[in-house]
Number of protein chains: 4
Amino acid sequence: MRGNSFGKLFSITSFGESHGEAIGAIVDGVPAGLKFSFEDLSRELKRRAPGQQKGTTSRKESDTPEVLSGIFEGKTLGTPICVIVRNNGQQSADYKKLKVEHRPGHADRTTELKYGIRDHRGGGRSSGRETIARVIGGYFASLVLPQLKVIASISQMGKLSKSDLADQVICENYLETLKNDGDSVGGKISLSLDGTPVGLGEPAFDKLKADLAKALLSIGGCVSFSYGAGEGFFSKSGKEISEDSGHFGGIEGGISNGDNISLELGFKPVSTVGDKAKEGRHDPCILPRVIPVVESMVKLVIVDHFLRQNAYQLETKL
Amino acid sequence: MRGNSFGKLFSITSFGESHGEAIGAIVDGVPAGLKFSFEDLSRELKRRAPGQQKGTTSRKESDTPEVLSGIFEGKTLGTPICVIVRNNGQQSADYKKLKVEHRPGHADRTTELKYGIRDHRGGGRSSGRETIARVIGGYFASLVLPQLKVIASISQMGKLSKSDLADQVICENYLETLKNDGDSVGGKISLSLDGTPVGLGEPAFDKLKADLAKALLSIGGCVSFSYGAGEGFFSKSGKEISEDSGHFGGIEGGISNGDNISLELGFKPVSTVGDKAKEGRHDPCILPRVIPVVESMVKLVIVDHFLRQNAYQLETKL
Amino acid sequence: MRGNSFGKLFSITSFGESHGEAIGAIVDGVPAGLKFSFEDLSRELKRRAPGQQKGTTSRKESDTPEVLSGIFEGKTLGTPICVIVRNNGQQSADYKKLKVEHRPGHADRTTELKYGIRDHRGGGRSSGRETIARVIGGYFASLVLPQLKVIASISQMGKLSKSDLADQVICENYLETLKNDGDSVGGKISLSLDGTPVGLGEPAFDKLKADLAKALLSIGGCVSFSYGAGEGFFSKSGKEISEDSGHFGGIEGGISNGDNISLELGFKPVSTVGDKAKEGRHDPCILPRVIPVVESMVKLVIVDHFLRQNAYQLETKL
Amino acid sequence: MRGNSFGKLFSITSFGESHGEAIGAIVDGVPAGLKFSFEDLSRELKRRAPGQQKGTTSRKESDTPEVLSGIFEGKTLGTPICVIVRNNGQQSADYKKLKVEHRPGHADRTTELKYGIRDHRGGGRSSGRETIARVIGGYFASLVLPQLKVIASISQMGKLSKSDLADQVICENYLETLKNDGDSVGGKISLSLDGTPVGLGEPAFDKLKADLAKALLSIGGCVSFSYGAGEGFFSKSGKEISEDSGHFGGIEGGISNGDNISLELGFKPVSTVGDKAKEGRHDPCILPRVIPVVESMVKLVIVDHFLRQNAYQLETKL
């Protein structure tokens, strides 16, 4: 496969270009008999949709999901679930001017180098719209482990610190100024996981921290990952660290220990700047919209590892 | 599988506990006809072996590789290559005292929670000796892409900065003091990749940065990963970033662009501290020994993606 | 995953229940730049659709494909291709009477045992309609290796021999009588592959014959697989066999040798018999409609192995 | 990977050439805490070893297993189990004469075509010795599901029918005559599985019959696979079949129904004939030695599917 599937026992296969017919996901490995709510799925997708905040993109994306398979009489069948979202609101005409320009830090140039052809309609597979597939997957993951609470929050956005971020007026003015300047900023997201079952992660390559890192670095714009004490791990000695088990961020030896898991991610500024960025449809900062995507990727990892660990629990079966 | 294999077309399957008979790897997907050098493989393993530096562990580990398959008359056969390293020097008796104690931040406790049984001989699969398998894999990866140059170096070690690290006396005294105190430190490793082919990495989940993050976070003690401008991504705006393509660290849209790829990793202090750490066989800092492991994991990722990309190049075939 | 994906480098992921919204496939691993023809895809799907022959099901299934992703300006993008076929013609009301009855030899009972719930609308994932996904995959496989010619033909159908089968009147009368009797028959299909590249298949588990067997036995109703001389392998001695290389059916040591590959498959009678079978929508023999499915599965295997072999061809690359 | 691994949750990775240092397997996915018996493992390997019967190869292969990892104090650790068997008894000198000759129906020629190089020492990966890895895997599979009884028996050997086969004198004379003539024969093996858990197999590609077919066709020399009523499926009508559920061979809709599963396999005559075949070390018929290999492959499939099914059983966990 060409990297469009994620997960071993609970997996999503993502498809769709930003300006094609539809974006969607096949979610495979959802156990049978779980209760499905169209409203909950739609709400999750809405959290990711553009146009929710002043200063953010003015695109109208309704992002209404359509369930094609795997659900019957309000419950999961245990068969693959296909959900699509039509790209109705896309006007690829607007993107035609990109035909000759490559945005630095964006996939435009490398995609062309890779495939030998160019989809000049827009971001193609590398568009932010591909994250719809991830949010769909995250919703179904939450059905398997409802006790798992994953909360992401912005801890830094450009020059705004955590306290600035608490004030929505400061935030929105900052984003509006960036938008007017055709500029963009990156920042940091903190993640807190409660309710992770004990014993998830494998001792060698599939350590829980490794699979979380892969999941999160697979999000466009994500440039760094750390867990636990972060910088504290480098400034403190082993003796100091060992006094406070909280430093280990819920993962020891790559395996979950049942404690709260804490992660921090860094995101670079979005690539589209200058006059193009002023025209509309471009966010000066993706952090607000990336929140549900980040949470979804974490859920996919935890649920996949939960099923993997469950496979080897035989006591009650034999 | 239980996470003991890494890579899709160029893969290693790792096996062995630190105090079992042997540690080893099966390297699968090595093309046929590549020249094998026992000396080069041994040299790589020696770089990882303990006892190379003052202040580091006094364990005697000869780490002599034994090739069981896949090589014939000095060349690769295209069949799976099995290399083992016997655990001759291990005295598991010394580790018996760990039977009741769990080291914080170590896999001891979580491994027991996961499997329901305890291998009290030592680190088991979570031991640093498991990294032998990775160095074996890295050696064979370098046969496939000899033009790829991966260089890792320590950029911070506990309180020592980059300039301190250049002075070996300062370094060795620092490590010796830590050893005598039964203490340990973490630090940072910088990685530079030259010669990565263009177009590696997939647009969705298997972005090159994502697979590099997974590979490196799968190393025991690694707690953070970043690429490109690092902190610069958060302090600078999109306009500032776009002026210098070097910020993107050789990866755009998750796909290699042919530029030098730069990564930075953080490592936490080793878990064994106090009297146990003074007794011998424990390093106060794993950074020096982790260098070849880090380089090997990067090579495994690049070569695997190189073969994956090669699979779809059909022009010259049809 | 739960067995809804097939292939490693060229893969299809199948989804959809027979009486749900749609049946479809994601085809991943199609190289970029190949010319797509909507007409050719539709024609392949039509070969599989019901109602083509007297005595066969009277269901009206238009089976019009809808391409949701992966195609742009008439060419493949190298991104995952999603094609769906709506289940417009399905009247699940008719299937409600199945709610309490299980058909012997059909998935009804085992599916319920497996998932703990019942989709009483009809065949669900085990319906013949699931094969739409396979025909979609087969069409795209043929774009990668146009020189590969795969031809399946019925060599036995119930009591009809090969010579009877040549006479369409005999055939249609036979099927009509079975239909009126509410009875069904099985039979045999012969497959001939021309143009298979040399060197496909791996020496251990992924022998070409093994992957062909899996692909074909994954089709509902298929109960046997053989290649090469078939019964001749058991009645003749090694000396006799070695005199005629044609016996080996194009595969030696599990690897293709460039010769014509010959396979034979057996199919059991369809499970629905009696009054239910008379009511319409049920074929007395699935062989005529299974032909394009069988051909598609073979193409998927050959193209997947072709890309796998191509991955390791480095001469022209380095 | 290059097809040297088999199984998803319970997997074996096979390595070793017939005339290299060793043949072996890594068995991954064995749950922790299962009781290991060196004697039982050795006994299984002995069943496969040559020289057990008059008329069979006179090679002396001790085939003593050496366990390198995954076992501690007589129990499985849950970590990968590596077992090797040294190739002590091999005299590759004898095989040098094969350097220029290719045996028809053997991997000699296709392997050379595939890899571009030749291992003229003998069968290489395509040797019957590779099956040692499979028997090792089968032994560990039997620890997971001890209630599963898999019994293979020869139902036809060249011209000998089932009743002839019951008489060991007839058998041994027949094999001895073939050996003296430098000739070989194929035949058929019947398989009976008792104790397969209900609900194994997936509705689409990973039907139980499909994975069994792949497993068994991956054995060198196997040319056909059928399950259930076999030829009865083609001579009887659907009505006749539906009267006797035994026809379905324990699998309905690709999923196990708890009944006895019956399979039949065909094997071609071994490729080495003429003077070479008289020289020793070559069996005139591989059926007697293939019995434990066939049983092992079946166990691997059933146990893998058992763990896969177990992964999704959540009732008792949440």
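Lettering of chains follows the sequences in order, A, B, ..., and the numbering in each one begins at 1.
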Chain D contacts, top residue of [options] (heavy-atom pairs, under 4.5 Å):
| options | answer |
| --- | --- |
| Arg125(C), Lys207(C), Lys209(C) | Lys209(C) |
| Phe234(C), Phe205(C), Phe248(C) | Phe205(C) |
| Gly238(C), Ala107(C), Gly220(C), Gly186(C) | Gly238(C) |
| Lys236(C), Arg134(C), Glu240(C) | Arg134(C) |
| Val273(C), Val223(C), Thr272(C), Asn257(C) | Val223(C) |

Would you mind telling me which of Ser126(C), Ser127(C), Ser218(C) makes a side-chain contact (heavy atoms from CB on, under 4.5 Å) with Pro203(D)?
->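 Passing option: Ser126(C).
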[X] and [Y]: which non-hydrogen atoms are nearest, and at how many Å?
| X | Y | value |
| --- | --- | --- |
| Asp183(D) | Ser237(C) | OD2-OG, 2.9 Å |
| Thr110(D) | Ile255(C) | CG2-O, 3.4 Å |
| Ala204(D) | Glu130(C) | CB-OE2, 4.1 Å |
| Arg109(D) | Glu252(C) | NH2-OE1, 3.2 Å |
| Ala210(C) | Leu217(D) | CA-CB, 3.7 Å |
| Ala213(D) | Ala213(C) | CB-CB, 4.1 Å |

Proximal component of [X], with respect to chain C [non-hydrogen, under 4.5 Å]:
| X | answer |
| --- | --- |
| Tyr115(D) | side chain |
| Lys114(D) | both |
| Ser256(D) | backbone |
| Val198(D) | side chain |
| Leu212(D) | neither |
| Glu231(D) | side chain |
| Met297(D) | side chain |
| Lys188(D) | side chain |

Using heavy-atom distances under 4.5 Å, tell me whether [X] contacts chain D through its side chain, its backbone, both, or neither.
| X | answer |
| --- | --- |
| Ile251(C) | neither |
| Lys214(C) | both |
| Phe233(C) | both |

Counterpart residues, ring pair (Phe, Tyr, Trp, His ring centres under 6.0 Å), relative to Tyr227(C) (two or more places apart) |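 Tyr227(C) satisfies ring pair (Phe, Tyr, Trp, His ring centres under 6.0 Å) with no other residue.
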Option that, when pairs with chain C are counted at under 4.5 Å, heavy atom only, ranks first among [options]:
| options | result |
| --- | --- |
| His247(D), Lys159(D), Gln309(D), Glu264(D) | Gln309(D) |
| Asp211(D), Leu178(D), Leu208(D) | Asp211(D) |
| Gly254(D), Gly258(D), Ser235(D), Gly201(D) | Gly201(D) |
| Cys222(D), Ser14(D), Gly116(D), Ala133(D) | Cys222(D) |

Look up atom CG in Asp206(C) and atom CZ in Arg2(D), then write down how far apart they are to the nearest 0.5 Å.
->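 The CZ atom of Arg2(D) is 11.0 Å from CG of Asp206(C), to the nearest 0.5 Å.
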Distance in Å, Ser224(C) OG paired with Leu263(D) CG, rounded so as to fall on 0.5 Å steps |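 One gets 12.5 Å once the value is rounded to the nearest 0.5 Å.
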side-chain hydrogen bond (donor to acceptor under 3.5 Å, both in side chains) partners for Asp164(C), two or more places apart |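 Checked Asp164(C) against side-chain hydrogen bond (donor to acceptor under 3.5 Å, both in side chains); matches are Ser161(C).
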Got a donor-acceptor contact below 3.5 angstrom from the Lys239(C) side chain to the Asp181(D) backbone?
->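 Between the backbone of Asp181(D) and the side chain of Lys239(C) there is a qualifying donor-acceptor contact (under 3.5 Å).
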May I ask you to decide if Gly232(C)'s main-chain N or O and Lys268(D)'s side chain share a donor-acceptor pair within less than 3.5 Å?
->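 Not at all, since once roles are kept as given, no pair shorter than 3.5 Å links the two residues.
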